[in-house]
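Scroll down for the structure; my scribbles are underneath it.
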Amino acid sequence: GVFVTDMLEQKPSYTMVKSVTEIAHFMGKKVIAEFVENEAILNALRKLKVDFAQGYAVGHPVPLDQLLRDKTALN
């Protein structure tokens, strides 16, 4: 997550995210980016073809009881 957080301001962090993504895909693995805090980071990750994202740009934390209650209601 630390590389993702400052990937737009720090070239080494961007390069690390890009490299890890390329290596993982080469090995047939999926990539999850943590600490995706805003739309700009999310868009950069899309361009790098990162597979999944976690963070405030995609959703805020929810109390576990509420999450389980909502999931049960869907079934």
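In this text the structure is predicted, and so the values were computed from the model without any measurement.
Hydrophobic clustering places Val2 together with Tyr14 (ILVMFWY residues linked when any side-chain heavy atoms are closer than 4.5 Å, directly or through intermediates).
Counting all heavy atoms, side chain and backbone alike, Val36 lies closest to Val4 at CG2-CG1, 4.2 Å. Closest approach of Phe35 and Thr5 over heavy atoms only: CB-OG1, 3.4 Å. Thr21 approaches Val17 most closely through the heavy-atom pair OG1-O, 2.7 Å.
Legend: residues meeting salt bridge (Lys or Arg N to Asp or Glu O under 4.0 Å) with Glu39, ordered by chain and number and at least two apart, are Arg46. Residues passing the side-chain hydrogen bond (donor to acceptor under 3.5 Å, both in side chains) test with Glu22 are Lys18, sequence neighbours excluded.
Atom CG in Leu64 sits 10.0 Å away from atom CZ in Arg69 (nearest 0.5 Å).
For the pair Leu45/Met7, a side-chain contact is recorded, criterion being any heavy-atom separation below 4.5 Å from C-beta on.
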Could you give the side-chain donor-acceptor pairs of residues 47-62 under 3.5 Å, partners two or more places apart or in another chain?
from: Asp51; atom 1: OD2; to: His25; atom 2: NE2; distance (Å): 2.7
from: Asp51; atom 1: OD2; to: Val31; atom 2: N; distance (Å): 2.7

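No donor-acceptor pair under 3.5 Å is formed between the side chain of Asp6 and the backbone N or O of Glu9.
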